[in-house]
2 protein chains.
Amino acid sequence: MELSERDQRVLEAVISGYIRSGEPVGSRTVSKHYGLNVSSATIRNIMADLEDMGFLQQPHTSAGRIPTDKGLRFYLDSILKIRQLEKRQQALIRKAFETKKGDIDDLLRRTSQVLSRFCEQAGVVLWPRLSATRFKHIEFVRLRPRQILVILISKSGLVQHTLLDWEEDLSQDDLDKYARYLNELLEDVPLAEVKDRILREMENEKVLFDQLFSQALELSKRAFQEALESADVHIEGHTQLLRNPEFADVERMRRILEAFEDKTRIIRLLDKALDPERQVQIVLGTESDVNELQEISLISSPYRRGETVLGVLGVIGPMRMDYSRIIPIVTFTASLLSQLLADPDEAPSGEGAHESS
Amino acid sequence: MELSERDQRVLEAVISGYIRSGEPVGSRTVSKHYGLNVSSATIRNIMADLEDMGFLQQPHTSAGRIPTDKGLRFYLDSILKIRQLEKRQQALIRKAFETKKGDIDDLLRRTSQVLSRFCEQAGVVLWPRLSATRFKHIEFVRLRPRQILVILISKSGLVQHTLLDWEEDLSQDDLDKYARYLNELLEDVPLAEVKDRILREMENEKVLFDQLFSQALELSKRAFQEALESADVHIEGHTQLLRNPEFADVERMRRILEAFEDKTRIIRLLDKALDPERQVQIVLGTESDVNELQEISLISSPYRRGETVLGVLGVIGPMRMDYSRIIPIVTFTASLLSQLLADPDEAPSGEGAHESS
DNA sequence: TGTTAGCACTCTGTTTGGCAGAGTGCTAAG
DNA sequence: CTTAGCACTCTGCCAAACAGAGTGCTAACA
């Protein structure tokens, strides 16, 4: 059940025609506009074969063909050649990032905006897992009696805060002491290992009998528990989705946007795409286990800081997307973001690497 | 050009009929279902008068009437009697807040969720302006050479962070010193006054000649500049808007949701509604200066901490909303949020004004 | 054996006319 | 001032008709 060269070209023709127009593509169109020098009747035969093999489908007798998910998947895996993004486009995207420096949060938000604007679909960025970065700083602030605001800062500049209720009322002075101790203890420890580090330290006998130390550790343990679990995602340009004619049905669109509001679903989807091995990953709706997202498709690419993958970014749109245009944008944006996040301390070529003392 | 009691009742009937059904209301319906003991012909005469006066309009000859903006405004200001929210509903809302404690951010996000769910429209919360609260803590973290992460915590537990580029490379030790100095200097100062306080301190001659002090002040000045300006808003339940039949037109809906994505517009709208004098404020779309929001309406209520207004919360929906149902929910939620935010340290006076019979 | 022209058939989308229903304004009578 | 009655208007819906797009099949052709 191999696909001949010609079969593939017909499949490609149908798919790109469908992507362009959003409507079923007929044999006549294919034979006329896609430079295969065969008549429409021949195309019809081929199309019928492709339908038998499950790559194409007909919405109804006497309509043209549209690709099935299987067809799309084959197209993406075997037919589509991904080019580099044009220099001109690259420059435009670079420029979009130049405007203003800011927080890492600003940077990531901007990234999703850029994705949305350039791809004309919804742009999405999965925030770095704290566990992917290193410890930088912790701070405790006594907001009210028995309420402590914990602020955790990662080396990459992520800030996370949690409110802890604590049985005992600790003074701000004590809290400052705890923080100093922890900041020293955990300096530069990968946040994924912080828990182990704390547990190990708890067994240290010097610590075991010191009220201060053990309480500080207990406190940080609770704080990290909350902080490390959280995952966040930012979606920009929902409304671009409304531009797609396939979502003209309000009710359907509503269900999809509803799924977006509960971010956990999107996070689950993106988590699946967080494969450091692959530069770009495409999840067709039907391949995800999220019911409400059956009709949409995600093109994603991981972004890194140095070697470690921090998170994923991508574009969400209808299955019928111009993959050949969007994939290069997504991969380029991912690599650009990785560059922007690169730690100058660690880059060998960069300026003098100071140690913070 | 006074409206008689009867005229008002007809207007009310048309409006509540229209709110219920979303369709033009005819004279027959009014005379039958709204207990005015007059015939439909009489109603027709009255409706014609109301139309002349600009309170009603006809989508086309031989359709029923729908209210104009002026008519709605009159209804809201003069006819509608706002009741207290039922005890049962109150309890349900209270319960929705109980589930989990968290950050102030969590609390505010939850508030917008509650609004959205109970009103079945989009819920919106304008974050407290930092300038409305008091200084609690500042912290500087040296992320990279010449890059300082500033973390600012208000007494109410709001956390704000900004990244500052600084000409000179300051050591973490120095930064800690600055922070200690500032934390002492600014303890409990209202953030609105912090700038003045800093400027005043800068003129202090003891400080003037001390490198450390003056740099700390300069640093904080820049930090506060950024932090105090920012305003944030959270909108929950966009998708509820899609439920309204008047937004069945995708293109129109898209424009509205697009306006939501650029939060500055919503912030502008909510700022207008931040009037501490009024318990509830309603902005009809046409009354706002935001073009894209002509067709929607905002019901809002300020929330406080003690005496000072922190921000606004509200509900955004189509003009045709069940005001009589939603207004009590909004005002109740605002007062509940105020209670939850109340500082136990400061509120011995028990200002719980929202007692119900 | 693969390709092509021709033809009958099917399904969709749009247009047209007709019709029922809802609602109005006006008039004349109570 | 109120109301019954009536002619009129506009919408929404339905059915029929029709053009257009596309297919599958068959038979002829290279």
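Below, chains carry the letters A, B, ... as their sequence lines are ordered, and counting in each starts from 1.
Computed from coordinates, the A/Glu23 CD to C/dC11 C1' distance equals 15 Å when rounded to whole Å. Distance OH (A/Tyr18) to C1' (D/dG22): 17 Å, rounded to an integer number of Å. Rounded to an integer number of Å, the gap from CD1 of B/Ile66 to P of C/dA22 is 19 Å. Between the CD atom of A/Glu51 and the C1' atom of D/dC25 there is a distance of 16 Å, given to the nearest Å. In this structure, CG of B/Leu36 is placed 18 Å from P of D/dC1, rounded to the nearest angstrom. In this structure, the CD1 atom of B/Ile43 is 10 Å from the P atom of D/dT2, given to the nearest Å. When rounded to the nearest whole Å, the span between CE of B/Met47 and P of D/dT3 equals 15 Å. In this structure, the NE2 atom of A/His60 is 5 Å from the P atom of C/dT12, given to the nearest Å.
Between A/Arg254 and A/Glu251 there is a salt bridge, with a side-chain nitrogen of the basic residue lying less than 4.0 Å from a carboxylate oxygen of the acidic one. No salt bridge links A/Glu120 with A/Arg243; every basic N to acidic carboxylate O contact stays at or beyond 4.0 Å. For B/Arg20 and B/Asp322, the salt-bridge test fails: no basic side-chain N is under 4.0 Å from an acidic carboxylate O. With respect to the salt-bridge test (charged N to carboxylate O, under 4.0 angstrom), the residues A/Asp69 and A/Arg73 do not qualify.
Between the side chain of A/Arg28 and the base of D/dG20, no donor-acceptor pair under 3.5 Å is found. A donor N or O paired with an acceptor N or O is found under 3.5 Å between the base of C/dT10 and the side-chain atoms of A/Ser62.
Between A/Asn45 and A/Pro24, the residue whose closest nucleotide on DNA chain D is further toward the 5' end is A/Pro24. Nearest-nucleotide positions on DNA chain C place B/Gly64 closer to the 5' end than the other of B/Ala41 and B/Gly64.
With C/dG6, D/dG22, C/dT4 as the candidates, the nucleotide lying closest to the side chain of A/Arg44 is C/dG6. Set against D/dG22, C/dA5, C/dG25, the side chain of B/Ala48 has C/dG25 as its closest nucleotide. Nearest to the side chain of A/Arg6, among C/dT24, D/dT11, C/dT3, sits C/dT3.
Across all their heavy atoms, A/Leu241 and A/Gly317 have their closest contact at CD2-CA, 3.7 Å.
B/Ser40 comes within 4.0 angstrom of nothing in the nucleic acid, heavy atoms only. Counting non-hydrogen atoms under 4.0 angstrom, A/Thr42 reaches a base of the nucleic acid. Nucleic acid contact class of A/Ala63 (heavy atoms, under 4.0 Å, all strands): sugar-phosphate only.
Phosphate proximity of C/dT10 to A/Thr61: absent, as no side-chain N or O sits under 4.0 Å from OP1 or OP2. Contact annotation: B/Arg65 does not reach the phosphate of C/dG23 (side-chain N/O to OP1 or OP2, under 4.0 Å).
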